[in-house]
Protein chains: 2
Amino acid sequence: MMMATIKDVARLAEVSTATVSRVLNGNGYVHQGTKERVAKAITQLNYRPNDVARSLFKGRSKMIALFVPDIMNPFFPELARAVEDMAKKRDYTFVLCNTDDDPAKEVNYVQELKQKSLDGIVIVSSTISGDFIKDVDIPVVALDRILHPSLSSVTVNNRQGAREATTYLQELGCKRIAHVAGPNNVSNAEQRLNGYLDVVQEEDWFRYSFIEQGGYHFDEAKKATERLLTKHPEIDGLFVANDLMGVGALKAAQSLGIAVPDQLSIIAFDGITLGETTTPTLTTMAQPIYKAGARAAEILIEQIEQQNDQRQVEEFTVEIVERESTRRRDA
Amino acid sequence: MMMATIKDVARLAEVSTATVSRVLNGNGYVHQGTKERVAKAITQLNYRPNDVARSLFKGRSKMIALFVPDIMNPFFPELARAVEDMAKKRDYTFVLCNTDDDPAKEVNYVQELKQKSLDGIVIVSSTISGDFIKDVDIPVVALDRILHPSLSSVTVNNRQGAREATTYLQELGCKRIAHVAGPNNVSNAEQRLNGYLDVVQEEDWFRYSFIEQGGYHFDEAKKATERLLTKHPEIDGLFVANDLMGVGALKAAQSLGIAVPDQLSIIAFDGITLGETTTPTLTTMAQPIYKAGARAAEILIEQIEQQNDQRQVEEFTVEIVERESTRRRDA
DNA sequence: TTATGATGTGTAACGGGTTACACATAAGCG
DNA sequence: CGCTTATGTGTAACCCGTTACACATCATAA
């Protein structure tokens, strides 16, 4: 059978559609008796308002989107889960977009979603033009990476975390600490690199050849680590820009017959589950991933609902999680 | 500035909105010259039709959803990616729903999405009532698990794959092969169990105590494996119902000091990336996960667009991927 | 008793598209 | 030349809610 409409309810309850609408939304005055008749009609017809009609009138859709480079990257599912949970909690529908870090795709998604009256976007991106995104006339919250100074954002203290990670390796007794870096143009990767440099740059052993690019990819990081360990066999500590790459580094050490953590301590960054399943498990600077995602969604929804119009910038703190890939060196 | 509407275009091009609509959709007759004037006006105003208004009239939204138990389970991101890619290719917006295997949540999502005129659902579920889902009056395609005989579905040959996995262990020379099983009520888990039984049930050593429940969870599977290996130290081969559990089994063996693959060969099922990052890497019966997801979405869209109304049932084939967790036993 | 505000409800416009229908003109054909 | 069909375009209804506005009734205070 056809979905019942507000007219059917109105007819059955012998009132106008305006009255039904008022009952539905709890607006205006409605006589108690009328309210009950309408409620009864609604139940009887199993009526559910058509959200499309509502959206058309209101110009809002109760939908938010999350843009990620690729949901298959194990960092993003937890973020997606967090945003979806918050969306559901606040009665929003959750749209997921994989952008592949392609600015054209990102722009294209924005346009298509705006045609659908999407209410807002949580975006993880390093590629989209800040100038484009700041002019998108719906609320946007940047997550994990900063996109434009005018946008609300939720991030972590990458630089400080990187400093702590590197210092931790020093405290374990590591004498030569290298870094497998993330991509050049990504804010959080640069911050992690800087944090590493903050700690080691003044050391007399330090040279820039202790840094290799791993581009946030498993394979690239594996190769980068192999290069590092080959040209500098003296390396006894490794700070890797994220966990996915950290696992690549683990693999590289294995393939070169270098024992982790006996000969080499490895610490990475992010705190994704993947790091718990390797052998050895991966020591890491863990982000509160879920919390950050949920908070980003919450800020977005507050902005949508005008409860809080101004820009919010929040930075969470990372915490070391000691696992098996690091160990104190005997002096 | 406000978004331009079809009326603005009509005014600028000096035609009626009907004519603009015809140009937009390539319907009916429009004079060549008129067409050009309208096209010019559209460009000039940077006009994009309002999809909400369209949806209201058509009763269709160009949105499809994917229901998964939990996107944080590493089996699902690839599926999600596949469905999203296909959705995008066919100009559909992709909605992701985490159901936590909770039938109430599933029903609730269906209702909310139907209010938004969602066009169809790809669903991975073992919990939703078949009777409920078959009466949802929009197209539904079951993926990975069978839900109801009247629904289109895309699955893999779980039973045959399980037979091959178990036989493979036999061929390696394993004499006592145990199974860490998935949940009871999930069709593919039962099929995998049955495939295992097909091969070993007639063996004289076989007893049901060689089977333990691991419920498709990492931790549960780890504990189940510990129980198995403790009560049956003679086990030299293990078929695990999926890769996530397989990694749990690997951990269990490690914690008991049992060397994989030297003392124990482990083969799992699914072929997710996670199995490539462990040490040893995990031998598995790999599903064409991406292909299956993409095909499910394609069938769904065909059904939505009435190109193909009848039920489709497709079964893909799994293939063994030999990695490091299995090895031939010396006779 | 009357002015005033609170309560209760319906009418109709509106949001932004799509399309059935009517009408007009032009072209093709016997 | 008259009839039929193809081409071209506008009017208005429709999709399904929401809400401004008008109007009535009722209660309360002065």
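Model, not experiment: these values are computed from the prediction. Chain letters run A, B, ... following the sequence lines, proteins first, then strands; residues in each count from 1.
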Can you tell me how far [atom2] of [N] sits from [atom1] of [X], to the nearest Å?
X         : N       : atom1 : atom2 : result
Leu24(B)  : dG16(C) : CG    : P     : 15 Å
Asp8(A)   : dC16(D) : CG    : C1'   : 11 Å
Asp51(B)  : dT18(C) : CG    : C1'   : 13 Å
Lys116(A) : dG16(C) : NZ    : P     : 17 Å
Glu14(A)  : dG8(C)  : CD    : C1'   : 17 Å
Lys62(B)  : dG17(C) : NZ    : P     : 17 Å
Ile42(A)  : dG17(D) : CD1   : C1'   : 13 Å
Ile6(A)   : dG10(C) : CD1   : C1'   : 13 Å

- Between Lys58(B) and dC14(D), does any side-chain N or O lie under 4.0 Å from OP1 or OP2?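 The answer is no; no side-chain N or O of Lys58(B) sits under 4.0 Å from OP1 or OP2.
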Give me the atom names and distance for the closest heavy-atom approach of Phe76(A) to Pro69(A).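 Between these two residues, the closest heavy atoms are CZ-CD, 3.4 Å.
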How would you list, by chain and number, every residue that makes a salt bridge (charged side-chain N to carboxylate O under 4.0 Å, His left out) with [X], sequence neighbours excluded?
X         : value
Glu298(A) : Arg295(A)
Asp101(A) : none
Arg11(A)  : Asp8(A)
Asp100(B) : Arg81(A), Lys105(B)

Listed by chain and number, what are the side-chain contact (heavy atoms from CB on, under 4.5 Å) partners of [X], not counting sequence neighbours?
X         : value
Glu14(A)  : none
Pro139(A) : Leu300(A), Gln303(A), Ile304(A)
Ala189(A) : Pro183(A), Val186(A), Tyr216(A)

Mind checking whether Asn185(A) and Ser126(A) have side chains closer than 4.5 Å, heavy atoms only?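 Not in contact.
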Output one line per pair: protein atom, nucleotide atom from nucleotides 5-9 of chain D, and distance, for all N/O pairs under 3.5 Å.
| from | atom 1 | to | atom 2 | distance (Å) |
| --- | --- | --- | --- | --- |
| dT7(D) | OP2 | Tyr29(B) | OH | 2.4 |
| dT9(D) | OP1 | Thr34(B) | OG1 | 2.6 |
| dT9(D) | OP2 | His31(B) | N | 2.7 |
| dT9(D) | OP2 | Thr34(B) | OG1 | 3.0 |

In short, the helix from dT1(C)-dA30(D) to dG30(C)-dC1(D) is bent end to end, axes from five pairs each side, to 10°, by 40°
What contact category does Asn25(B) fall into here, base, sugar-phosphate, or nothing, at under 4.0 angstrom with non-hydrogen atoms? sugar-phosphate
| So what does Asn27(B) hit on the nucleic acid, given a heavy-atom distance under 4.0 Å: a base, only sugar-phosphate, or nothing? |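 Since only primed, P, OP1 and OP2 atoms lie under 4.0 Å of Asn27(B), the category is sugar-phosphate.
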Atom pairs, N/O to N/O, protein against nucleotides 12-15 of chain C, distance under 3.5 Å?
none

Those residues at least two apart in sequence (or on a different chain) that pass ring-ring contact (aromatic ring centres under 6.0 Å, His included) with Tyr109(A) are Phe67(A)
Distance-only check: which donor-acceptor pairs under 3.5 Å involve side-chain atoms of residues 31-43 of chain B, not counting sequence neighbours?
| from | atom 1 | to | atom 2 | distance (Å) |
| --- | --- | --- | --- | --- |
| Gln32(B) | NE2 | Glu36(B) | OE2 | 3.0 |
| Arg37(B) | NE | Ala13(B) | O | 3.1 |
| Arg37(B) | NH2 | Ala13(B) | O | 3.1 |
| Thr43(B) | OG1 | Ala39(B) | O | 2.8 |

